[in-house]
Amino acid sequence: RVQPGVFEVRAGERAGSAEITVTQSSGQSATVVVRVDEAAGMDLVEDEGTARYDRSRDHIALRVGDRVSMNGQPVNRAGERLYANDGVVWTVPDTRSVALSWGFMRGERVADDHVYVEGRAPGTEVITVRAGVVERTIIVDVR
C-alpha cells in the first residue's frame, strides 16, 4: 500500500526524461521533470605505466616521496568517454599521508581529469574521484 504523499520513481531502461504531475485532492498540482541519464561509470588510469595502481582493487601503493600520475574519466557502458559531465573532482580527506597536486599549477585546484597523487607520510587514505553523480574511491597505501 502506498502512503499518501509518498510514491516511488524507478529509472527507465534508456536515457530520456518524463514529466510527472501530482494533483492533490484540493486540486493543486505540481509537475516534476525526472531525467534518466545514460548508465555511467568512472575509468581510472595510471598514465605513467609504473604499475603503482592496481585496477582490480582500486589501490595505489606508494613510498614516502613517490608520486603517481592518474587520469579519471566518466564513461558509458561501452567504455566511451562522456563529455557532457566532464568536471572530474579529486578529493582526499586528510593530506598528512597523501597529497594531490596538478603539476604546473600553483595553489589548490580540484576540478580536472588528471592529478598527481603523492605519498607524504606512512598511512592509508581513501581518495574520492567524482564527476556529477558518478563516483569511485581509491585506497592509497603509503609505506
Side-chain angles (χ1 to χ4, degrees), residues 1-24 28-143:
R1 180 169 184 233
V2 178
Q3 297 175 354
V6 177
F7 58 93
E8 184 176 329
V9 176
R10 293 180 185 254
E13 294 182 7
R14 57 183 163 270
S17 65
E19 279 190 5
I20 297 173
T21 302
V22 178
T23 304
Q24 298 177 5
Q28 289 183 319
S29 64
T31 301
V32 177
V33 176
V34 177
R35 191 180 83 200
V36 177
D37 290 329
E38 186 174 0
M42 178 76 69
D43 188 22
L44 300 173
V45 179
E46 178 185 354
D47 63 4
E48 296 175 322
T50 57
R52 293 186 186 129
Y53 172 55
D54 180 346
R55 284 180 73 99
S56 66
R57 300 186 309 140
D58 278 336
H59 180 268
I60 298 174
L62 296 175
R63 293 188 176 134
V64 174
D66 281 354
R67 187 171 82 160
V68 63
S69 178
M70 297 290 297
N71 276 306
Q73 301 173 352
V75 294
N76 64 17
R77 280 188 193 176
E80 300 163 328
R81 186 167 182 179
L82 297 174
Y83 290 96
N85 194 4
D86 209 19
V88 178
V89 178
W90 296 77
T91 55
V92 60
D94 189 345
T95 58
R96 284 181 285 189
S97 59
V98 176
L100 303 179
S101 66
W102 287 264
F104 61 92
M105 300 293 294
R106 292 209 180 265
E108 193 169 328
R109 181 180 178 201
V110 293
D112 201 346
D113 62 344
H114 177 262
V115 70
Y116 291 101
V117 180
E118 182 178 351
R120 299 180 100 183
T124 300
E125 196 58 64
V126 178
I127 295 175
T128 302
V129 188
R130 183 174 42 82
V133 296
V134 179
E135 183 175 288
R136 274 184 67 186
T137 56
I138 305 175
I139 298 169
V140 182
D141 281 322
V142 182
R143 305 272 178 232

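- Tested against Ser69 for a side-chain contact (heavy atoms from CB on, under 4.5 Å), the candidates Val115, Asp47, Val117 yield a single pass: Asp47.
- Counting heavy atoms from C-beta on, the side chains of Pro74 and Val88 come closer than 4.5 Å.
- With hydrogens and angles ignored, the 3.5 Å screen pairs no side-chain donor or acceptor of Arg96 with any backbone N or O of Ala121.
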Legend entry - salt bridge (Lys or Arg N to Asp or Glu O under 4.0 Å) between Asp43 and Arg55, intermediate numbers included: CA-CA 10 Å; Asp43 188 22; Arg55 284 180 73 99; 2.8 Å; yes
Show every donor-acceptor pair shorter than 3.5 Å between a side-chain atom in residues 129-139 and any protein atom, with sequence neighbours excluded, or say none if there are none.
from: Arg136; atom 1: NE; to: Asp58; atom 2: OD2; distance (Å): 3.3
from: Arg136; atom 1: NH1; to: Met42; atom 2: O; distance (Å): 2.4
from: Arg136; atom 1: NH2; to: Asp58; atom 2: OD1; distance (Å): 2.5
from: Arg136; atom 1: NH2; to: Asp58; atom 2: OD2; distance (Å): 2.9

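- Atom OH of residue Tyr116 and atom CG of residue Asp66 lie 14.5 Å apart, to the nearest 0.5 angstrom.
- Without hydrogens or angle criteria, Glu46 side chain to Arg52 main chain gives a donor-acceptor distance under 3.5 Å.
- In summary, of the residues considered (Val142, Ile60, Val92), a side-chain contact (heavy atoms from CB on, under 4.5 Å) with Glu125 occurs for Val92 alone.
- Note: Arg81 CZ to Asn76 CG = 12.5 Å, rounded to the nearest 0.5 Å.
- Expressed to the nearest 0.5 Å, how far CZ of Arg143 lies from OG1 of Thr124 amounts to 5.5 Å.
- Listed here is the closest heavy atom pair of Val98 and Arg120: C-CD, 4.1 Å.
- The two atoms that bring Thr21 and Ser29 nearest to each other are CG2-CB, 4.1 Å, heavy atoms only.
- The structure places CD of Gln73 at 11.0 Å from NE2 of His114, a figure rounded to the nearest 0.5 Å.
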